[in-house]
Amino acid sequence: MQLIYFAWVKERIGKSEEVLHLPDHVGTVAELLDYLSGINEIYAHALSNRAMLRVAVNQTHVGLDHAVKDTDEIAIFPPVTGG
Amino acid sequence: MQLIYFAWVKERIGKSEEVLHLPDHVGTVAELLDYLSGINEIYAHALSNRAMLRVAVNQTHVGLDHAVKDTDEIAIFPPVTGG
Amino acid sequence: MATVLVQEADFDIGAEIAALRAGRTDIGAIVSFTGTVRDLDGGLKAMTLEHYPGMTEAELARIATEAEARWPLQGCRIIHRFGRLLPGDQIVLVITLSAHRQAAFEAADFLMDFLKSKAPFWKKEETEGGAEWVAAKDSDTDALDRWP
Amino acid sequence: MATVLVQEADFDIGAEIAALRAGRTDIGAIVSFTGTVRDLDGGLKAMTLEHYPGMTEAELARIATEAEARWPLQGCRIIHRFGRLLPGDQIVLVITLSAHRQAAFEAADFLMDFLKSKAPFWKKEETEGGAEWVAAKDSDTDALDRWP
């Protein structure tokens, strides 16, 4: 899957995007965040405050129980502040 | 008093303004409209539909029971339709 | 702070907004409303706006002062044209500036509602069939109930 | 019918409105909202807007389509800038055109509420003390409850 990070999520993880293989046991956004947080302390810190994270799958806002596939473009970011 | 007419009130009365002496027994806007309607049939026709008339005294919207004086500028017109 | 203009000439929306904003960094939100001569069925030849010189300016200034008392505005401008206008022509411009978008939106909305039922303007429409004074809409007076 | 632009360049409010109105006589009401970089206490040096290319355009188009489904609009344009902006600079422009003033007002208000909480933009403020991401306001999310 293609992962994209924005704003302070990007700064904490230290990259704006990356391609990772989606493990078979990861089926939802919540499970994906758990999986990423387990990679190392950097991800764990960047993704620790779930209330401050928003996720888009294939450029559409989704909730934590939304399904994810290995072919998806998945973006993780803080609440938006445009306008 | 200075009388000013606008829109179809002006067209029906046939003039845009005139100076009339305010009779002593005329103390309110309602009494003024009654007095003007009694001048002749032209005024009577122009001022017959009271629900469609609005009045401003000294350039401020007022109601039918507002006081009028001989030194006032009194405008009579239909409901406004600007904007 | 509000400025009011009643004029026969056309106005330039962009230039008016730019003049109100010039050199300022304390404004966050600018709302403009422009009313134009609408010809829904293709039968309108022209629209003539009569007004009450003196009272018009006074009434618009009163309306603007009321808006400034209700919302934290950093600028407010009303321009209303009179005379003979053609379909598509601009009639009225209201601009509100504020630090907050909701204040700018509500004040502009309020100004138009009050202007429609308080400012002494009368429209006469010219069609093939002749010229007729536009009747006031009850909905314009009813709209004032939105602002208790 | 709505058109959406996400760009680094500035925009010209008057020219945008003129382009939407050109040659039309069926429009009665035009509302514009402009958001600008506000510096209330004089401490802001700059504001950088990051965005999600692709999704931003898609999200703004979805918001505009929703507005067109709710109100009888005759035109709708959204322009949102990204990149580094200075205090006083223009950030966002929303224009709505309709035969009716209430539709134009409500649609522009709605577009700004949804844009604020749905469009993937993030603001970073630069002050003397450094640079910090702007925190989202609960009031922006709560504002969506105004449009059931």
Side-chain angles (χ1 to χ4, degrees), chain A residues 1-20 22 28-30 32-33 36-37 42-83, chain D residues 4 6 33-38 47-63 78-83 85 90-94 108-125 130-144:
Chain A
M1 84 207 119
Q2 173 79 39
L3 285 162
I4 312 181
Y5 312 115
F6 290 103
W8 53 255
V9 176
K10 174 181 71 179
E11 291 178 354
R12 288 185 192 176
I13 290 179
K15 51 188 133 185
S16 62
E17 52 188 294
E18 63 187 321
V19 176
L20 290 184
L22 188 73
T28 67
V29 168
L32 172 64
L33 293 175
L36 292 171
S37 297
I42 291 172
Y43 285 90
H45 172 245
L47 307 177
S48 59
N49 190 349
R50 293 289 163 91
M52 293 303 288
L53 294 180
R54 300 292 181 269
V55 175
V57 172
N58 299 324
Q59 306 195 347
T60 302
H61 293 289
V62 299
L64 287 174
D65 54 356
H66 192 275
V68 292
K69 305 186 304 291
D70 199 39
T71 51
D72 287 339
E73 173 180 305
I74 301 170
I76 305 173
F77 45 76
V80 304
T81 55
Chain D
V4 161
V6 179
F33 176 90
T34 310
T36 55
V37 180
R38 186 180 40 153
M47 162 97 76
T48 298
L49 273 140
E50 183 173 313
H51 77 120
Y52 184 173
M55 177 168 171
T56 310
E57 289 83 350
E59 197 63 31
L60 292 179
R62 276 193 283 268
I63 294 166
I78 304 175
I79 303 180
H80 203 301
R81 298 178 70 190
F82 61 87
L85 304 174
Q90 302 185 129
I91 304 171
V92 60
L93 174 64
V94 162
D109 194 2
F110 168 92
L111 285 168
M112 281 308 303
D113 274 355
F114 274 73
L115 188 155
K116 282 260 176 192
S117 56
K118 297 287 187 187
F121 285 97
W122 299 273
K123 285 174 177 161
K124 193 172 195 173
E125 290 183 345
E132 249 181 276
W133 293 99
V134 174
K137 285 188 220 140
D138 285 342
S139 59
D140 284 337
T141 312
D142 295 347
L144 300 194

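In what follows, every chain begins at residue 1, and chains take the letters A, B, ... in the order their sequences are listed.
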Under 4.5 Å from any heavy atom of chain A, what part of D:Arg81 do you find: side chain, backbone, both or neither?
neither

Looking at A:Ala7 and D:Glu50, what are the two nearest heavy atoms and their distance?
N-OE2, 2.9 Å

CD of A:Glu18: more than 12 outside heavy atoms within 6.0 angstrom?
yes

To the nearest 0.5 Å, what is the distance between CH2 (D:Trp133) and CH2 (A:Trp8)?
11.0 Å

For residues 73-83 of chain A, run the donor-acceptor check on the side chains, cut-off 3.5 Å, and write out each pair with its distance to 0.1 Å, sequence neighbours left out.
unit_1, atom_1, unit_2, atom_2, d
A:Glu73, OE2, A:Gln59, NE2, 3.2
A:Glu73, OE2, D:Tyr52, OH, 2.4
A:Thr81, OG1, D:Lys123, N, 2.9

Residue pairs passing the side-chain hydrogen bond (donor to acceptor under 3.5 Å, both in side chains) test with at least one member in residues 45-54 of chain A, sequence neighbours excluded, are A:Asp34-A:Arg50

Is it the case that more than 12 heavy atoms not belonging to D:Leu144 sit under 6.0 Å from its CG atom?
yes

Under 4.5 Å from any heavy atom of chain A - which part of D:Lys118:
both

Within a strict 4.5 Å, meaning less than it, do heavy atoms of the A:Glu11 and D:Lys124 side chains meet?
yes

